[in-house]
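The analysis underlying the following values was restricted to heavy atoms, covering all of them including side chains, and did not include hydrogens, waters or symmetry mates. To find a chain, count down the sequence lines: A is the first, B the second, and so on, and within it residues start at 1.
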Protein chains: 2
Amino acid sequence: MISHAMNARHTDVATSVAAEASGESAPWLPAKGMRTSAVRDSVLFREGDEARSCYRIQSGAIRVVKVLADGRRYVADFFLPGDVVGFDCGDTYEYTAEAIVDTELVRYPRPLIEARFEENPAAGRRLLDVTLQRLAAAQSQMLLLGRMNAMERVATFLLNLERRLGAKESVDRTIPLAMTRADIADHLGLTLETVSRMLNQLKRDGTIGLPDPHRISVLKPQRLERMACAGGH
Amino acid sequence: MISHAMNARHTDVATSVAAEASGESAPWLPAKGMRTSAVRDSVLFREGDEARSCYRIQSGAIRVVKVLADGRRYVADFFLPGDVVGFDCGDTYEYTAEAIVDTELVRYPRPLIEARFEENPAAGRRLLDVTLQRLAAAQSQMLLLGRMNAMERVATFLLNLERRLGAKESVDRTIPLAMTRADIADHLGLTLETVSRMLNQLKRDGTIGLPDPHRISVLKPQRLERMACAGGH
DNA sequence: CGGAGTATTGAAACCTATCAACAATTGTGG
DNA sequence: CCACAATTGTTGATAGGTTTCAATACTCCG
């Protein structure tokens with residue numbers, strides 16, 4: 001599957017007590033948190049659970065899902081290394097968070113975060129900015145879901161993912177895909193078959209390469225951007 | 001494809017200099033702002049404009065739209081009395097805001113709001129909560145756009161709108177619709193014809209009544225909730 | 001009262017979903 | 001290390017829900 005995917009036993013999320021620096025990517029977090037790991041497909045927290053903690057992703061990937069009673073699923077977002085998942089409004093989580101692959105995280109109890117806001121207003125302001133950015137991203141995603149066709153959705157998704165991973169992760173413009181076709185489909189409001197068809201159509205075009213199902217190399221970025229949609233933001 | 005270009009009179013937004021209390025609904029705003037009015041279909045601000053102010057709606061309604069180059073449009077949100085529109089991340093607006101009907105607003109310059117955060121951290125915390133709520137609503141909307149069929153979308157929309165308007169506005173469970181079918185369609189990722197068909201199907205069912213195109217009375221709320229989707233949030 | 005904008009309704013086309021079969025990959029255990 | 005089983009991905013044929021195109025009716029205001 002992917003480099004860091006190890007044995008996928010169904011143990012729960014394991015927590016060690018070692019302290020860990022919060023890292024540069026989220027300056028609004030407390031200085032220390034608990035190192036934690038989650039094996040593939042384990043649930044970090046469930047929609048409706050009491051929101052005790054949030055988590056910064058160290059390595060791996062998390063998906064955040066909302067589910068209808070009959071099983072229809074929407075993947076609201078993917079969280080990649082550096083991202084923080086689990087800070088919601090209210091006392092309960094708004095969605096379920098699951099590990100896509102074996103994932104290393106740092107856990108921060110909510111009370112510690114709230115305390116940090118008291119002592120340091122700038123931290124709260126930083127979180128506000130992050131939240132406003134996520135809201136803007138959500139609005140772009142709604143435009144995608146509401147008004148783009150299958151090919152535009154897939155092309156836009158690939159470009160966004162490449163941008164988020166940054167040059168560091170994607171060597172030679174090759175995107176390491178942690179998630180399955182089903183995850184991508186549930187994120188784009190499509191079926192996994194349609195996602196597969198679009199990817200293979202792009203492959204036949206010569207726009208992308210698919211060395212293996214979990215690696216996508218962007219061969220013709222400009223063409224991909226043109227397919228992404230008839231008008232950037 | 002679709003391009004509901006709304007070109008009516010293009011008078012600008014008129015501003016009076018009278019001061020006005022910020023009201024109970026948005027305690028994170030400064031105490032005073034400028035009363036302003038916007039006639040139907042006028043543009044409050046445009047995507048990409050420098051974000052100088054935000055606006056609290058006093059009466060009327062605002063729609064917030066994102067547009068693709070070929071004219072396809074998505075209505076990211078409707079803003080109703082009490083709501084505040086225009087506080088985005090970055091220095092420019094993320095979307096275009098237009099008046100759906102003649103609208104009364106109170107304008108707050110961004111520098112004044114920023115200053116208020118400096119002096120009163122609780123104000124910033126309130127805005128964070130509001131923003132987190134809007135993010136949660138956006139995630140529910142993505143589930144709707146990605147995974148619900150036309151009837152479920154329309155039913156969900158009506159229920160949400162009724163809840164937002166509150167008992168005060170909707171006398172006798174009758175929802176006053178400020179927006180057109182095209183606005184609703186662009187908000188639900190449908191065409192205006194499909195929205196019309198779904199509404200009239202609900203009318204034939206006896207689930208709702210349509211006294212006139214801009215008034216919807218909910219006759220059988222439970223049935224509407226059942227149609228809304230196979231699984232509540 | 002008339003005219004422009006808005007809403008409704010019908011018929012046909014299209015894109016994507018669904019169903020189904022098969023191929024490829026991954027992980028497991030001999 | 002290889003073979004097998006399970007999962008994941010690909011591809012094809014068909015069906016179905018929405019869109020598109022078109023015509024007509026309604027509503028609101030000047």
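Atom CG of A/Leu199 and atom P of D/dG9 are 10 Å apart (whole Å). Here C/dC19 presents its P atom at 13 Å from CG of A/Leu192, a figure rounded to the nearest Å. Protein atom CD of B/Glu193 is 17 Å distant from nucleotide atom P of C/dA13, rounded to whole Å. Following rounding to the nearest Å, B/Leu210 (CG) and D/dC26 (P) show an atom-to-atom distance of 14 Å. Here C/dC15 presents its P atom at 12 Å from CD of A/Glu152, a figure rounded to the nearest Å. Following rounding to the nearest Å, B/Lys203 (NZ) and C/dA7 (P) show an atom-to-atom distance of 14 Å. For B/Asp212 and C/dG5, the CG to P distance is 20 Å, given to the nearest whole Å. Rounded to a whole Å, the NE2 atom of B/His214 is 9 Å from the C1' atom of D/dT27.
Here B/Arg223 pairs with nothing under the salt bridge (Lys or Arg N to Asp or Glu O under 4.0 Å) rule; sequence neighbours left out. Annotation: salt bridge (Lys or Arg N to Asp or Glu O under 4.0 Å) contacts of A/Arg73 (sequence neighbours excluded): A/Asp183, A/Asp186. When the side chain to side chain contact (heavy atoms under 4.5 Å, CB included) test is applied to B/Ala178, the partners found at least two apart in sequence or on another chain are B/Ala61, B/Ile100, B/Val101.
Picking from D/dG9, D/dT19, C/dT8 the nucleotide with the shortest atom distance to the side chain of B/Leu190 gives D/dT19. Nearest to the side-chain atoms of A/Ser196 among the listed nucleotides D/dT27, D/dG9, C/dT16 stands D/dG9. Comparing atom distances between the A/Arg204 side chain and each of D/dT11, D/dT18, D/dT27 picks out D/dT11 as nearest. In this structure, the nucleotide among C/dA7, C/dT16, D/dG9 sitting nearest to the side chain of B/Arg181 is C/dA7.
OP1 or OP2 of C/dT6 has not a single side-chain nitrogen or oxygen of B/Thr180 nearer than 4.0 Å. Taking only side-chain nitrogens and oxygens, B/Asn200 never comes nearer than 4.0 Å to OP1 or OP2 of C/dA7. Side-chain nitrogen and oxygen atoms of B/Asn149 include none within less than 4.0 Å of the OP1 or OP2 phosphate oxygen of D/dG17.
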Give the intermediate values and the outcome of side chain to side chain donor-acceptor pair (under 3.5 Å) for residues A/Asp88 and A/Tyr95.
CA-CA 9 Å; A/Asp88 289 325; A/Tyr95 39 70; 3.1 Å; yes

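You won't find any donor-acceptor pair under 3.5 Å spanning the side chain of A/Arg197 and the base of D/dG9, going by distance alone.
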Exercise answer: donor-acceptor pairs, residues 190-203 of chain A side-chain atoms, under 3.5 Å, sequence neighbours excluded:
from	atom 1	to	atom 2	distance (Å)
A/Thr191	OG1	A/Thr194	N	3.3
A/Thr191	OG1	A/Thr194	OG1	3.0
A/Ser196	OG	A/Asn200	ND2	3.4
A/Asn200	ND2	A/Ser196	O	2.7

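Comparing A/Pro213 and A/Thr194, the nucleotide of DNA chain C nearest to each residue sits closer to the 5' end for A/Thr194.
The ring pair (Phe, Tyr, Trp, His ring centres under 6.0 Å) analysis of residues 140-164 of chain A, with sequence neighbours excluded, yields the pairs A/Phe157-A/His187.
Aromatic ring pairs are classed by plane angle as parallel below 30°, tilted from 30° to 60° and perpendicular above 60°; the pair A/Tyr93 and A/Phe45 is parallel.
Recorded end-axis angle for the helix from C/dC1-D/dG30 to C/dG30-D/dC1 stands at 40°, based on five pairs per end and rounded to 10 degrees.
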